[in-house]
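Throughout, protein chains are lettered first and strands after them, A, B, ... in sequence-line order, and every chain is numbered starting at 1. Remember, predicted model here, so these are calculated numbers, not experimental data.
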Amino acid sequence: MYIGILGAWIAVFLTLSILSYLYEDNVFYKLAEHIFVGVSAAHWATIAFWNQLQPNLFGRLWPQAEIATLEGFQKFWYGIYHVLHVIFGKIFPEAKVDGVIYRGIGDQPQNLSYLIALLLGVFMLFRLIPKIGWLSRWSLAYVVGMAAGLRLYGYMSSDVVGQIHATMLPLWTGDLASSINNIILIVGVLSGLFYFFFSVEHKGALKVVSKIGIYYLMIYFGASFGFAVMGRISLLIGRFNDLILYSGKQYGFATPILLVIMIVVLVLTTRKKKPEEEI
Amino acid sequence: MMLKRTVCLLLLLLGTISFAYADLEIHAEAKAKEPDGSIVNITITPIKGASKYKVEKSIAEGEWLTVLTTSGLSLDTNIGNDVQTRFRVQALDENDLVIAEAFSESIQTEAMWFNTRRLNRFIALMLISGVILYYISRARKNKKIYLRPVAGLQAFEEAVGRATEMGRSVLFVPGIMDLDQVETISGLIILGHVAKMTARYEADLNVPVSRSLVMESGRETVQASYISEGRPDLYSSDMVNYYTDDQFAFSAAVDGIMLREKPAAVFLQGKFYAESLIMAETGNSIGAIQIAGTGSPSQIPFFVTACDYTLIGEEFFAASAYLGDDPKLLGSIKGQDIAKALLMLLLVFGLITETIHTGIYNSDGFFLNLKSSGNDPSAVYEIISEASDKNINDVVAEYSNLGKEGKAVYIAKNKVTKGNALKILKKLEKEGAEVVLDENLDLKIKKNKWNLYKNLFAGS
Amino acid sequence: MAKITKFLEKLDSLDRRIIFLIIGLVVLFPLLVPLDLPIETTQLTEDAFNAIDQLPQEAKVLVSFEYGPSTKPELHPMAIGMLRHLFSKGNKVIVMCLWPDGLFMANEALEQVAHREFGLQYGVDYVNLGYRPGNEAIIKGITKSFEANFSIDSKGISITKIPIMHDIQTAKDVDFIFSLSAGYPGAIEWVLYAGDPLKVPVSSGNTSIQVNQLLPYVKSGQMKGIIAGMPGATEYETMVVEKIKNNTGLITEHAKTLLPVFETERNAKKFIGAQSIAHLAIVIFIILGNISFFVKRKNQRKY
Amino acid sequence: MFWKRTVPAIIVAAVGVIMLLSWFIPHAPFGELEIHATQWYDIIASFAMLLGALNLLKLQGTKVVKRQKGWPFSLAAILAFFMTLLFGFMIKGGYYPNLVDLGHNEEAVFVKIAELTDTDGKVTEVDIDEVRILYTSPSAEGEPILLHKAVVSKKAANKVIDELNALGAKVELGELKWGAHVQGNQTYYRWVFYTFFTPLSATMFALLAFFVASASYRAFKIRNAEATVLLVSGILIMLGRVPLGAFLTAWTQDIPWLSWFHLPTIQEWLYQYPNAAGARAIMIGIGLGIVGTSLRVILGIEKSFMGGD
């Protein structure tokens, strides 16, 4: 990841700006936050375009083909492509190899059913025209229906049936220690599941069961928290290590210089604020 | 002239060789019971003098695609479904010259119309959704359904009310994922209920979202809620705003909104990842009432520690039944409960069969893997000889050379249980041997019918 | 006494910026002044180390980089340690990436170990084939042919011209596969699509969160050990240094001269010090928080 | 009414049921439905991004136009947005000199290439050897020369090409294609990614370390039995996973009946059993919740997210 000296300075500045949030909300953080929002919104749009729309939509409508061999409808269809090429040359490229003209993108098989996807996508854009904006609901409906159908099976299979299958353990394995462990696990799953009964009042013996369930859930939450602490600290170490790297001579002492400047500015701005508050 | 002659001679020679060993054969067969079809098993009848075989498949008239060049005689490969395909094999000698050629009969594979391997999942689906549907229909006939109180859900109205009193806004984040996640949809459903409350209380509502589709759907939701409460005048599309798709840029933006607008109530309801704690901690630092809800198990701990109330797992999905007053929703919650009870019953039955299976009947699956005999092998050999009911001399002969991977020690049939195996393992370790307990799953599954029940739940 | 109780009571409403500052210092300090914590090796890491250590000198190892900047602190030290181990034995290394960012991580690691430390020749002793999109399809692809999937290397040079690739046609021709993986696609895909079908041994370095998911593969022998998170990286690093120090097994003469470098430039050890101290600090915070919580509650009861 | 509410409801139900059944029907066209269906969704979402971007611009633009509080920051957001788009769609970089022929003065060319591609400031014999191996007899399409630069513009590439051509080699201008530039080497886009995006998101991520500390200080209190369980389990994992934990409890290893209290051992047990039990209970619950919600969505019982009339 060689980003040059200018890159290193910007990276260090942005890193320190975000870290300055820990002190308080300040100009540096606000600036970094807004730059971040701007850059990332454009980044994801760019990625979606070049990694999704271009190869998967246009690439499926017009896979690369040798123009001279086309006939009938396809000839007309690639004619449209040519028009698009004339307007947006970068997105709809044409190649000429040894005098043979190729039009189209990539080598996926042609699939004109993607015209429906294109249509649904365009419906989304109708939002900009209030009168026919409601058509976008059709696209939303497609997305929601797809999500419901896809996830229903996925979760039922792996999270419900799969986990039940994994929990079918012998209560007695022939060895005391592992038997106890299995029983601990099974009691946990059953009582934890019971905690999620909504239509039964949790009282008396049932309350005890759901209480045991909560304890198990809490052990799980504690453990996840512990693991997360570990992962998060590792990340911070990585960031600090980069900052130490960029304080070297080959990057023009970016870290120490920027750090000092930022501290000075922060101290000055907070000092200026305080008298105002006193008045 | 000379060249021509040599070539002729060579060809002749080749011809003779291929004639001499003309028994090269290739046989292709569609693999049975493959739900997705397309898998073909190929076997080659070898010939003398061949060091490698080049297998090709037909893709069009006269066009061949190399599948693999191999020295093995059996392989699996893929072909397109519903297309007649032939295979060709060429035997190559050491110098990569073709010495023989053979063709397979043409075959065709087909995907199934029903994936029998998923039959158990299909039954589970029918069962679970059947139960839920039944209770929904029952609820329609006006049967009262009790729901136990959930603290987090009772706090919704209070939080919105407090925001109104303080003259501050209500912030609602429906997660950071797109509309293709059920959690996001669930978050939007909850947003609908919260928007009704803010409409009633005339509180300001601010919904930052990180996906454009969620923005559109969120606007629809909020508008519908304001209309249904009779306050379309209070609705504006500026309530729901898109910032960026990026996880951390979005959480930076939400932090900014929290710090500068200081909302009195913060709802974090949807699918969250690592940014959950950034938002929840910032919300906490500005003193807002925070109610979180998510189906992401790994993020619940952070919400539990940093928020006032958290809807844990299934509670989050049940929220809309609590917040609304549709009997159908109550019915579906009841149905989910019954499905859960059924699953628990099945699980308990599975526990019993497994216990019978492992603890009492089956034990053949367990064996010990001896990796090293330690400094004093003779004691080790004695233990092994006793455990496996084998002559001590045979044992010495068998285990004196263990190799890299170690050697298996099978305990005599009448003595095998996992506990016994562990006892023997400890004895061996005491003598300085290096042993691990291993389990042969194939043996286990074949061995016992009690295991069949558990297998009903296997698959994906 | 009263002063102490008052102090403890005040602790309850401690400004969180003080906590931030302490955490910052606690992480920063061990990075600047490395600690010398005793390191115990564990079975999982030992298995991975031994599997690699047993490879003969002429063995060729495929290393796949599947991580990016965000998991770099955990995985990069493993990459460095493992490359040092391989090169110190004289093994040849073929690098490829299934994550786009992996390319930059790989370049950085090779630049440090192969180029600067060992002074090895690109193309002869090691090669970086670069990133290809396609996830597990690429793994399946190289089990049939490298050339079809990596016609050129990361520098854009066609692989037919790279000496090390001359006798490597498919993934079957490598002797060991090591995946440095932070998620999908990663270690699991290598086991399923390359290790199992081709019977090539696979091992892997992973983030600590992933380990539980991979344990079944290790237990069944489909994966030869595993390096888990920063602790695992530290152990591996230690084992490499110890090995060269004790002069056991295969070590090239050149590697022996590099021992001082390996001993001093140890990122994982530097990092694990910071990690341990930070964990300790957080635990102390929790305890302090609870003490002040109790003192406050007790005092409140008096009235 | 029909077009605005009924048709969407029918679409949800039909698509939902077809998607659900496709899991059980491997035969075409259902077998590959999952791939195409998610790709259609990606396409719709990509179109919707335009709406999101416009909304963002409107949001920040109003602040700038109306000179609201903090408008310079909004301006920065807009500028950052357009800078990234510029490098995503207009200016690309990613050019490289493509060596077609070495010419008569091979050694000088090798040394020059070694200098150009060198990454550590000193060109050694080994570096030149490497170049010699890789660039001898370049192929017909040419061999790209990867300069040690963050971004290679057309101008920079041409400058190097002239230098190499002056040595008698034949070098042409090569470039990364549009589309490949978002992931390729030495493009402006990658530079923006690594200079702006990576440090920003990595640092936001790293802030979590601080928040985790303050959250544990504030919230990990022994208020009741449940909180105590959570706290103890968290501490055991935190200490048990690092060498410090082994170090602190190393003394237990000398006493047989205490050996179980080795922190790494306790940690491992806790993780494998009670924790796994809790995790499974939660997963099953969530699974059922999702099944229930999806069913309600498909059946049209929940439809508020589709809006009113």
Practice item. For each of A/Tyr155, A/Phe197, A/Trp44, A/Tyr21, tally heavy-atom pairs with chain B at distances under 4.5 Å, and name the one with the top tally. Key: A/Phe197
Practice item. Report the C-alpha distance between B/Tyr242 and B/Asp245 in whole Å, list the side-chain angles of each, state the deciding distance to 0.1 Å, and finish with yes or no for side-chain hydrogen bond (donor to acceptor under 3.5 Å, both in side chains). Key: CA-CA 8 Å; B/Tyr242 165 86; B/Asp245 273 48; 2.7 Å; yes
Revision key, fill the gap. A/Arg151 and B/Asp180 have their tightest heavy-atom pair at NE-O, 2.8 Å
Point to revise | Engaged part of A/Phe227 at the chain B interface, taking heavy atoms whose separation is under 4.5 Å | key: neither
Check your understanding: Which is it for B/Arg138 and B/Lys334 under the side chain to side chain contact (heavy atoms under 4.5 Å, CB included) test, yes or no, and what are the steps along the way?
Key -> CA-CA 10 Å; B/Arg138 243 176 70 135; B/Lys334 178 81 188 173; 6.0 Å; no
Point to revise | Proximal component of A/Ile186, with respect to chain B [non-hydrogen, under 4.5 Å] | key: side chain
**Study point:** Option that, when pairs with chain B are counted at under 4.5 Å, heavy atom only, ranks first among A/Met218, A/His43, A/Met146, A/Arg232
**Key:** A/Arg232
Check your understanding: Given that the side chain runs from C-beta out, which part of A/Ser158 has a heavy atom under 4.5 Å from chain B: side chain, backbone, both or neither?
Key -> neither
Exercise for review: Heavy-atom distances under 4.5 Å only: say whether B/Glu183 touches chain A with side chain, backbone, both or neither.
Suggested key: side chain
Check your understanding: Who wins among B/Pro149, B/Ala321, B/Ser285, B/Pro297 for the most heavy-atom pairs under 4.5 Å with chain A?
Key -> B/Pro297
Revision key, fill the gap. Under 4.5 Å to a heavy atom of chain B? For A/His34 that would be side chain
Review point. Does one side chain, of B/Glu315 or A/Tyr195, offer a donor that lies under 3.5 Å from an acceptor on the other?
Key: yes
Review point. With chain A, which of B/Val182, B/Leu259, B/Leu330 has the greatest number of heavy-atom pairs at distances under 4.5 Å?
Key: B/Leu259
Point to revise | Derivation and outcome, ring-ring contact (aromatic ring centres under 6.0 Å, His included), residues B/Tyr146 and A/Phe198 | key: CA-CA 8 Å; B/Tyr146 166 86; A/Phe198 297 106; over 10 Å; no
Point to revise | Heavy-atom contact with chain A under 4.5 Å, split by part of B/Leu351 | key: both
Practice item. Go through the atoms of B/Ser210 and report whether side chain, backbone, both or neither lie under 4.5 Å from a heavy atom of chain A. Key: neither
Exercise for review: Look only at the side chain of A/Asn182 and the backbone of A/Pro170, and say whether a donor-acceptor pair between them is shorter than 3.5 Å.
Suggested key: yes
**Study point:** Contacting moiety of A/Val39, where chain B heavy atoms sit under 4.5 Å
**Key:** neither
Practice item. Please determine, among B/Leu343, B/Thr244, B/Ile338, B/Asp337, the option with the most heavy-atom pairs under 4.5 Å with chain A. Key: B/Asp337
Point to revise | Derivation and outcome, side-chain hydrogen bond (donor to acceptor under 3.5 Å, both in side chains), residues B/Arg121 and A/Ser157 | key: CA-CA 6 Å; B/Arg121 296 302 197 257; A/Ser157 171; 2.9 Å; yes
**Study point:** Expected output: side-chain A/Asn26 to main-chain A/Glu24 donor-acceptor under 3.5 Å
**Key:** yes
**Study point:** Taking every non-hydrogen atom, the tightest pair across B/Arg211 and B/Ile176
**Key:** NE-O, 3.2 Å
Revision key, fill the gap. Ranking B/Gln336, B/Glu216, B/Gln181 by heavy-atom pairs under 4.5 Å to chain A gives rank one to B/Glu216
Practice item. Counting only heavy atoms closer than 4.5 Å, note whether A/Leu152 contacts chain B via side chain, backbone, both or neither. Key: side chain
Review point. Between the side chain of B/Thr184 and the main-chain N/O of B/Asp178, is any donor-acceptor distance below 3.5 Å?
Key: yes
Check your understanding: Picking from B/Leu213, B/Asn120, B/Asp246, which has the most non-hydrogen pairs under 4.5 angstrom with chain A?
Key -> B/Asp246
Practice item. Would you mind checking which part of B/Phe248 comes under 4.5 Å of any heavy atom in chain A, side chain (CB onward), backbone (N, CA, C, O), both or neither? Key: both
Check your understanding: Got a donor-acceptor contact below 3.5 angstrom from the B/Ser217 side chain to the B/Val214 backbone?
Key -> no
Exercise for review: Would you mind telling me which of B/Val304, B/Leu179, B/Leu346, B/Val348 has the largest number of heavy-atom pairs within less than 4.5 Å of chain A?
Suggested key: B/Leu179
Practice item. Check whether B/Ala318 gets within reach of chain A through its side chain, its backbone, both or neither, counting any heavy atom under 4.5 Å. Key: side chain
Check your understanding: For B/Tyr273 and B/Lys271, which heavy atoms make the closest approach, and how far apart are they?
Key -> OH-CE, 3.0 Å
